[in-house]
Amino acid sequence: MTLKQVFCSFTAAGALSMYNAAAAQMELPAESVDSVEWTDLDDFVFTKKRSGNLRISGPENSFKINQSELFRAACCNLGESFTTNPSVDVNYSDPATGAKQIKLLGLSGSYVQLLTENMPNFRGAASPYALRYVPGPWMKSISVSKGASSVKNGYESITGQIDVEYLKPDGPTGVAANAYIDSELKLEVNADANFHIPDGLSTEVLAHYEDRFMNHDSNHDGFTDTPDIRQFNLKNRWKYVAPRYIFHGGLGFINEESTAGQTSHSHNDMASNPYIIDLNTHRYEAYMKHAFILDQEHNSNIAVMANGAYHDMDAAYGYKGYGVNEWNAHAQLIYETDVTEKHNISAGLSYSHDFLGQRLRTVNNQTEAPYKLDDKENVAGGYAQYTWKPTESLTAMAGIRGDWSSLYGWFATPRVNLRYTPVENLTFRASAGKGYRTVHPWAEYNYLMASSRKLIVENLEQEAAWNYGINAELTIPIQSETLKVNAEYYYTDFLRQVVVDYDSDPHALTIGNLKGKSYSHTFQVDATYESSFGLSVTAAYRLNDVKTTYGGVFMEKPLTSRYKALLTASYSTPMDIWQFDATLQLNGGGRMPAPYLMDDGSWSWGERFKAFPQLNVQITRWFRHFSVYIGGENLTNFKQKNPIISASDPWGPNFDSSMIWGPVHGTMVYAGIRFNFGNRL
């Protein structure tokens, strides 16, 4: 290598390092840059390949999924973004409505705080369907924090946080578009465009449309496997950057129509009165961020952030119905400074408002019994957090919140995170902390109305739980390559919990308070090998032990896989012209709710469900301004045989769509194309 080449290499690496440091100082995410190229000095090119999963080197057990990882699958929305990830699962809550939920540390997504750009979002009635409100091509990255995380963003994270970063208005200018279609005739089109206006101002427009043109019923039970969703999603975002001030704000709108239910009625006697599920949603969002840089030498800054949403949904489940007009607002003030290089202090105030004007229609002997109920909570609080970094090998972060709720009064949230690196290639982390959650039962569980079971809701308490975790990371050099090994264990202990009881009564679902004990133990080990010739392989195994008290009996949580094994591989040819991706999952079996005898004398279902495999593959061909990809999901063609109980008689006493534990559709193939024009390369 010549002297010019050596100088150019250090210059490129230094430029990338300085950019990331500056972004961190302003509490902005570092750009997800795949390569840095310098073509002067005899056209020497320096390239740095970035991994799709980036470990965040702080005291929390956190990692970032960037676009290169998201592009390894179709990734139509947030709910399909964790296909290749060993830590996060996404499962159907109910095949009739298409509701999905994230599972982290063996527990449902209601215990994961969902953020968009460090602000709480998609609360209440939006939570069962939030994963489809974030189109995949809009996302710049996803940050996942496990266990007790920072107290900055509130008290609601019990098993962790998931923070979505959208594409930025001040990113590279130009227009990008994506079109997707699959074998079930689902069409998606996405577009985003950036415009840079002089004097530090930039704007961005994000647009999304999807529709399904065919009702799919692969198991021939007369019900659609997935709902027909027609969605329009639009955002306009703005950013202004001055030497000591940054503004970021925008507006969003979602219009979604979802139709599911019976498609064929020849095998029942109510052909003139099919069971139909309709969900119509209108959602409006707005947000703003103001950052004031006070002292660059000490990274001192003040940030003022606020967001709000109006969510209107009208749902019909056969004769039953649920409607809601929901208002959410959140505001926070944050001050942060480095007192010295070893001491950082962060403090702030926050206020949240949730109001749900709800309309409920239940059925008793084919007669309507409509009534209204309002659900409202205001929470004001503050926090202080201290980070101590005496050496490069040790970091300690401790924080505490105090909040006052209009429903539950005062409560405190303590959390602590430690990071220790005794030797260069070995890092240990430990965390402990408390979390709380207010449950809005009808808003969060209204999809359970797609059943003949009577839905019983008790007077609910605020949920509270402790979470404890440890993990170890080891990097093993193998000649010029590296093998990264991670092992972790987390324990979640509930003091108070809202429990959905599927076991006590076969014709009723009770949403009530925990009467006994409830916990989750999760152990995971994973290893990743990345080579310099374009191959990356990850193998992982996770074991879940999740138990709760139902009707006075302490037993395994139903419809939850006992374990998960994952093997995923990605290979890129030289110059990244072709990319090949494959992911194989083995999802362990688990307990079913207590079965009962049907009218014909058969059992409703077995006592347990068995393990099942899933295989996904994708091939991508990259060009300068576009790429094309084809792929297949669930190529093992495994399907849950009877996801809907008594599907032939939806008006009868045994109809139930909540017994979902596996895939509801078989093999699906898809194809898509991505365009990139202007400077967006």
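- Taking the six-membered ring where the residue is Trp, Tyr155 and Phe411 present perpendicular rings, their angle passing 60° and hence far from 30°.
- Taking the six-membered ring for Trp and thresholds of 30 and 60 degrees, Trp138 and His208 have ring planes more than 60 degrees apart, a perpendicular arrangement.
- For the side-chain contact (heavy atoms from CB on, under 4.5 Å) with Phe82, the lone residue among Leu70, Ile102, Leu131, Asp89 that qualifies is Ile102.
- Side chain of Lys320 to backbone of Ser451: a donor-acceptor contact under 3.5 angstrom is found.
- Lys289 places a side-chain N or O within 3.5 Å of a backbone atom of Glu117 that can act as its donor or acceptor partner.
- Listed here is the closest heavy atom pair of Met288 and Met119: O-SD, 4.5 Å.
- The backbone N or O of Asn153 sits less than 3.5 Å from a side-chain atom of Gln113, completing a donor-acceptor pair.
- Side-chain contact of Asp403 with Tyr408: a donor-acceptor pair under 3.5 Å is absent, judged by distance alone.
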Go through Tyr133 and Asn77 one step at a time and tell me if the side chain to side chain donor-acceptor pair (under 3.5 Å) criterion holds. CA-CA 7 Å; Tyr133 294 157; Asn77 54 48; over 6 Å; no
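- A donor-acceptor contact shorter than 3.5 Å is absent between the side chain of Arg453 and the backbone of His507.
- Side-chain atoms of Thr203 and Asn236 include a donor-acceptor pair closer than 3.5 Å.
- At distances below 3.5 Å, not a single donor-acceptor pair connects side-chain atoms of Thr413 with backbone N or O atoms of Ile400.
- Nearest heavy-atom pair, Ile56 versus Ser143, reported as atom, atom and distance to 0.1 Å: CD1-OG, 4.4 Å.
- In terms of heavy atoms, Ile334 sits closest to Gln332 at CD1-NE2, 3.3 Å.
- Remark: the backbone N or O of Met659 is paired with a side-chain donor or acceptor of Gln640 at under 3.5 angstrom.
- A side-chain contact (heavy atoms from CB on, under 4.5 Å) with Ser258 is found for one member of Arg132, Arg212, Arg230 and no other, namely Arg132.
- Salt bridge absent: Glu377 and Arg123 never bring a charged side-chain N and a carboxylate O closer than 4.0 Å.
- In this structure, Tyr445 and Tyr447 have tilted ring planes: the angle between them lies in the 30° to 60° band.
- Ring-plane geometry between His248 and Tyr287 is classed as perpendicular, the angle between the planes exceeding 60 degrees on a 0 to 90 degree scale with a lower cut at 30.
- Using a distance-only test at 3.5 Å, with no hydrogens or angles considered, no donor-acceptor pair links the side chain of Asp228 to the main chain of Thr259.
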Show, in sequence, the C-alpha distance, side-chain angles and deciding distance for Glu444 and Ser110, and conclude whether the side chain to side chain donor-acceptor pair (under 3.5 Å) test is met. CA-CA 9 Å; Glu444 297 176 22; Ser110 56; 5.6 Å; no
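- There is no side-chain donor-acceptor pair under 3.5 Å between Tyr180 and Asn178.
- Checking side-chain atoms of Ser657 against main-chain N and O of Ala450 turns up a donor-acceptor pair under 3.5 Å.
- Between Phe494 and the options Tyr111, Tyr519, Trp466, a ring pair (Phe, Tyr, Trp, His ring centres under 6.0 Å) holds for only Tyr111.
- For Glu60 (side chain) and Ser145 (main-chain N/O), no donor-acceptor pair under 3.5 Å exists by modelled atom type.
- The six-membered or imidazole ring of Trp651 lies near that of Tyr275, with a centre-to-centre distance under 6.0 Å.
- No option in Glu285, Glu204, Glu165 other than Glu204 meets the salt bridge (Lys or Arg N to Asp or Glu O under 4.0 Å) test with Arg237.
- Formation of a donor-acceptor pair under 3.5 Å by the Asn194 side chain with backbone atoms of Lys168 is found in this model.
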Hey, mind stepping through Ser646 and Asn654 against side chain to side chain donor-acceptor pair (under 3.5 Å) and telling me if it holds? CA-CA 6 Å; Ser646 193; Asn654 297 320; 5.2 Å; no
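- A side-chain N or O of Asn378 and one of Tyr351 form a donor-acceptor pair less than 3.5 Å apart.
- Nearest heavy-atom pair across Leu460 and Ile511 is CD2-O, 3.6 Å.
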